[in-house]
Enquirer: 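Attaching a single structure in C-alpha cells format; questions to follow.
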Amino acid sequence: MDDQTRMMTGLTGLGGLQQADVGDPDSVRKQQSLGQPQQDIGDILQQIMAITDESLDEAQARKHALNCHRMKPALFSVLCEIKEKTVLSIRGVQEEDPPDPQIMRLDNMLLAEGVSGPEKGGGSAAAAAAAAAAGGSPTDSSIEHSDYRAKLAQIRQIYHSELEKYEQACSEFTNHVMNLLREQSRTRPISPKEIERMVAIIHRKFSSIQMQLKQSTCEAVMILRSRFLDARRKRRNFNKQATEVLNEYFYSHLSNPYPSEEAKEELAKKCGITVSQVSNWFGNKRIRYKKNIGKFQEEANLYAVKTAVDAANVSAQASQANSPATPNSGGYPAPCYTPDGRL
DNA sequence: GTATATGATTGACT
DNA sequence: AGTCAATCATATAC
C-alpha cells in the first residue's frame, strides 16, 4: 500500500496535481467550487498540445534522455515483472493447449490418403490396388486408376501450395511482430517471455487456419474416394481368355477347386486380374456350381474334353504322361457325360 | 424391358 | 485368413 502511494505521488506530480488532491475528496470538491481543477486540466491539455508542437528532433532527444536515464533498466525490469505477474498469470490459465486431437486425426488421415506423406505414398498404392480390383479389362481399370491418381495429385498439390503459403505468411508475420515488439521493447516494458507468448498466439491462430485447410482437403479426398468407390461397383466382365483360364483350372481341379496362394497368383498373372479377383471368381464359381450342377454340366464337359486334349498333346510332345487333371476323389460332384459330350 | 449372367461386397463361420 | 451364402449392381442376351 505504501509503495503504491509513493508511485501515485510521483505520477500525479507529473500532471501538476498535489497529493492532497487525490487523497482527500473534500478538498477536491472544494477546489472544484473554486474553479481550480479546470485550470489544472487546461494546463495538462496545453502540455499535451505542446508535445505535438515539439520538433521531431526535440522528441527524439527527450526519448534518448529517457533511455539513457540510469534508473531506466531497473524501472523496466520492475514493470516487466509486474506485467508478468498480473497479465500473464491471468491469461496463463488458458495457455496450455493440449495437442489438438482433431488436428492429429486430420494429419493421420491425410498421411494415410497419401496427401501429406511422401509422393508415392500408401494412399496412391491403395488406390492402385482398389483400381485393379475394380475389374474389367486392364486398360479400363488403368484409365480409372490414372483418373483417380490425377485428381488426388491435384488435391495434393493444392494442399501443399496452400500449406506453404500459410507457413510463409506465418513466419513472415511472426518475424514482423517480433521485430516490432523488440523495437518497442526499447521504450515499453516488454519482456522476452511476452514476445514468446505473442509468437505462440500467432502460431495458434495460423494453425487454426491450417486445420481448416486440412479439413477441407480431407473432405475433398473423401468425395473423390466415394466417387471412386462408386465407380468400383461398375463391374466389367473378364475377357474370354481370362474366363477360359479360370474355368480350365476349376474343372481340372473339380475334386478340390481351391487354388493355393501361389496358384492364385499364377492365375491372376495369366488372366491380367488381381489375386482377390481370382478368389472372388472361385468363390462365386464354387457356390454357383454347387447350387446348380446341372446347369454347368455342359461347360464342365467342354473343359474336361479340352483338358484331356491338352494333356494328350503334352504327353505326345513330352512322351511322358503329365496330366494336369487330378482324379476326382470326393470333392465337388463331377459331371457325368457320354463319350460324345452329351449328358 | 425383362431375364439371366457375373463380378463384387458383406456378414457369419471355422 | 479363407470360405460360404446371400445379396447387390451392373453387363449382356433376348
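Lettering follows sequence order; numbering is per chain, from 1.
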Enquirer: Out of dA6(C), dA8(B), dC4(C), which has the shortest distance to the side chain of Lys291(A)?
Expert: dA6(C)
Enquirer: Which nucleotide wins on minimum distance to the side chain of Asn284(A), given the candidates dA6(C), dT6(B), dC4(C)?
Expert: dA6(C)
Enquirer: Would you indicate, yes or no, if dA8(B) has its OP1 or OP2 atom less than 4.0 angstrom from a side-chain nitrogen or oxygen of Asn280(A)?
Expert: yes
Enquirer: Report the nucleotide, chosen from dG2(C), dA8(B), dA5(C), that has the shortest atom-to-atom distance to any side-chain atom of Arg288(A).
Expert: dA8(B)
Enquirer: Should the pair Phe173(A) and Phe206(A) be assigned to parallel (<30°), tilted (30 to 60°) or perpendicular (>60°) ring geometry?
Expert: tilted
Enquirer: Would you indicate what Arg286(A) reaches in the nucleic acid, counting non-hydrogen atoms under 4.0 angstrom: base, sugar-phosphate, or nothing?
Expert: sugar-phosphate
Enquirer: Where does the angle between the aromatic ring planes of Tyr251(A) and Tyr303(A) fall among parallel (under 30°), tilted (30 to 60°) and perpendicular (over 60°)?
Expert: parallel
Enquirer: Taking the inter-plane angle between the rings of Phe250(A) and Trp281(A) on a 0 to 90° scale, is it parallel (under 30°), tilted (30 to 60°) or perpendicular (over 60°)?
Expert: perpendicular
Enquirer: Of the options dT9(B), dT12(C), dT3(C), whose atoms approach the side-chain atoms of Tyr258(A) most closely?
Expert: dT3(C)
Enquirer: Verify the contact: side-chain N or O of Gln277(A) to OP1 or OP2 of dA8(B), cut-off strictly under 4.0 Å; return yes or no.
Expert: yes
Enquirer: For Thr274(A), is there any backbone N or O sitting under 3.5 Å from a side-chain donor or acceptor partner on Gln277(A)?
Expert: yes
Enquirer: Taking only the side-chain heavy atoms of Glu261(A) (C-beta and beyond), determine which of dC4(C), dA6(C), dG2(C) contains the nearest atom.
Expert: dG2(C)
Enquirer: With the side chain of Lys290(A) defined as its heavy atoms from C-beta on, choose the nearest nucleotide among dC4(C), dG2(C), dG7(B).
Expert: dC4(C)
Enquirer: Under 4.0 angstrom, heavy atoms only, what part of the nucleic acid is Lys295(A) near: base, sugar-phosphate, or nothing?
Expert: sugar-phosphate
